[in-house]
Amino acid sequence: MKLTSLEGRLAALSGLAMALTAAVTAGLGAWTGRWDIAAWAGIVVGLVLALTVSRAWTGPIRARLRGLATAVDGLADGDFAISVKKGGADEIDELISAYNEVGEVLRRERQDLHQRELLLDTVIQATPVAMVLIDPRDRVIYSNAAARRILAQGRKLEGLAWDELVAGQPEEAAAALEAAQDGLFGVEDSEAGERQTYLLTHKDFRLNARVHRLFLIQRLTRELNRQEVATWKKVIRVISHELNNSVAPITSLAHSSRTLAQRGDVQRLDKALASVADRARHLAGFIDRYAEFARLPEPQLEEIDWADFFAGLGDTHAFELIRPLPEQPGRLDRTQFEQVLINLLKNAVEAGSDPDEITVSCRAVGGGFRIEVADRGQGMNPHTLGQALVPFYSTKREGSGIGLSLCREIVEAHNGTLGIRNRAQGGVAVSITVPA
């Protein structure tokens, strides 16, 4: 048994106490002749001497244990920088060594975590997608540079109430953020000199056992422009292909018709000319469908009564009109805006919405009017939302992809804006804002 171990020290201390007691008892007994008194005196003296020696021996042990207790309290408070100095070769030093190793591991892990957090924050701050994190009290607890630029002209967002931040946004952006649903909205950018289109998405998740909300705002203007250019190139290829498919047979049939006319074969000539006419009609119809998007005339504004305007749509598709309607009349191109509403109602029906759940509302907002067509169909995923306004993009097998982009062109020709968002319980809401 090692003397340096706690067990060895206790054994040595016990032996010392017994030896001292025996020595004192023997000495007093021989001197006084009273062995009973000598025995009690030996015990007392032995215990006092043993206690004195034990305090001297256990002092360093108590000091190391206090240091270890302080260090463990530091761990509980998240302070991993405290290390404990060893002072012997006993079991306590083994415990101290184990604690120091754990502390070193925790320090390294904290440093690695801090570096990863710095790297993640650097990436998030550099991303062009605006990110805003809202706590359960509806206050901003984190935002990146893009969010500060888009929502607050570069000012700090942390600590702001979400409602106050939303209230300070342009009308269409405020409506999209307040609805807290995935969707598209547009904002006029005076610095860029053009209208900017944004895609809003959000996600609820638990952080420290509490529900937080993360909003992502992605600028789609450049992507939409790029997609439009790519789409127009595709359309040109499609039109070129269709023209070749129609012109080549027409040329061949025209040559055959000329030959048949020269021969006087009237019966076959009539059949050939009928084929030429069919191909020409097919080609004309094909071109007209695509030309409609490019030849939108300037809107002819007229004063319209809202009740009369919506009553005229009753024969197209079933919908519920939300009242009351604005008393002030609007100034629109009736024909063009009827086409917008007809396209939106048609989309709502084709999205699988029950006709009883398709609603149309109109209300006065600021210096204009806000019209909303809402349904309870299947809604749109983020990819479809991002492509919805690109000309000729369609998820329908027989769709031309012209409807929504044509609606946007008509609305913007009226100096208005068009936004799309998913609804909370399913479906899509398309909002149109036009000046009075």
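Nothing fancy with the numbering, it's 1 onward along the sequence. Hydrogens, waters and symmetry mates are skipped; everything else that's a heavy atom, side chains included, is used.
- The CG atom of D356 lies 13.5 Å from the CZ atom of R376; values are rounded to the nearest 0.5 Å.
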Can you check side chain to side chain contact (heavy atoms under 4.5 Å, CB included) on L332 and H414, steps first, answer last? CA-CA 7 Å; L332 306 170; H414 285 74; 3.9 Å; yes
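- The CG atom of L177 sits 6.5 Å away from atom CG of L151, with the distance rounded to the nearest 0.5 Å.
- Remark: of the listed residues I304, I432, I342, L313, I432 is the sole one forming a side-chain contact (heavy atoms from CB on, under 4.5 Å) with F337.
- Environment of CD in E178: sparse, with no more than 12 heavy atoms of neighbouring residues, nucleotides or ligands closer than 6.0 Å.
- A heavy-atom distance below 4.5 Å is found between the side chains of L345 and V360.
- Using a 4.0 Å cut-off between charged side-chain N and carboxylate O, D375 and R423 make no salt bridge.
- Residue N415 comes nearest to P435 through the heavy atom pair O-CD, 3.5 Å, listed as atom of the first residue, atom of the second, then distance.
- Contact detail for P326 and A364: the closest heavy-atom pair is CG-N, 3.8 Å.
- E158 places a side-chain N or O within donor-acceptor distance of the main-chain N or O of S143, the cut-off being under 3.5 Å.
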Show your working on side chain to side chain contact (heavy atoms under 4.5 Å, CB included) between I371 and W306 and close with a plain yes or no. CA-CA 11 Å; I371 304 169; W306 291 111; 3.8 Å; yes
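- For the pair I410/L406, a side-chain contact is recorded, criterion being any heavy-atom separation below 4.5 Å from C-beta on.
- Distance check, rounded to the nearest 0.5 Å: CZ of R213 to CG of D135 gives 9.5 Å.
- Note that NZ of K203 and CG of L214 are 10.0 Å apart. Values are rounded to the nearest 0.5 Å.
- Between Q125 and R148, the closest side-chain pair of non-hydrogen atoms falls below 4.5 Å.
- Proximity of a side-chain donor or acceptor of E327 to a complementary backbone N or O of L325 within less than 3.5 Å is not detected.
- By the 4.5 Å heavy-atom criterion applied to side chains, I420 and R408 are not counted as neighbours.
- Here the side chains of V211 and P136 are not in contact, with every heavy-atom distance at 4.5 Å or above.
- Under the 4.5 Å side-chain criterion, counting only non-hydrogen atoms from C-beta, L200 is not in contact with D182.
- Across all non-hydrogen atoms, the minimal contact from R139 to A161 is NH1-N, 3.4 Å.
- Between the side chain of T127 and the main chain of V123, no donor-acceptor pair closer than 3.5 Å is present.
- For the atom pair CG of L207 and CG of L133, the computed distance is 7.0 Å after rounding to the nearest 0.5 Å.
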Check the pair I124, V129 against side chain to side chain contact (heavy atoms under 4.5 Å, CB included), reporting the backbone distance first and the verdict last. CA-CA 8 Å; I124 291 176; V129 178; over 6 Å; no
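- Heavy atoms from other residues, nucleotides or ligands lying under 6.0 Å from CD of E164 number 12 at most.
- Using a 4.5 Å heavy-atom cutoff, the side chains of R421 and F185 are not in contact.
- Across every non-hydrogen atom of F369 and P329, the tightest pair is CZ-O, 3.6 Å.
- Between the side chain of Q339 and the main chain of T335, no donor-acceptor pair closer than 3.5 Å is present.
- Scanning all heavy atoms of the two residues, the minimum distance from S361 to I322 falls at CB-CB, 3.8 Å.
- The heavy-atom pair separating L216 from M131 by the smallest distance is CD2-CG, 3.5 Å.
- Note: R137 CZ to H212 NE2 = 9.5 Å, rounded to the nearest 0.5 Å.
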Report the C-alpha distance between V365 and E171 in whole Å, list the side-chain angles of each, state the deciding distance to 0.1 Å, and finish with yes or no for side chain to side chain contact (heavy atoms under 4.5 Å, CB included). CA-CA 9 Å; V365 289; E171 183 179 341; 2.9 Å; yes
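- Using a 4.5 Å cut-off on side-chain heavy atoms (C-beta onward), S431 and R370 make contact.
- Within 6.0 Å of atom CG in N208, 12 or fewer heavy atoms from other residues, nucleotides or ligands are found, so the atom counts as exposed in its surroundings.
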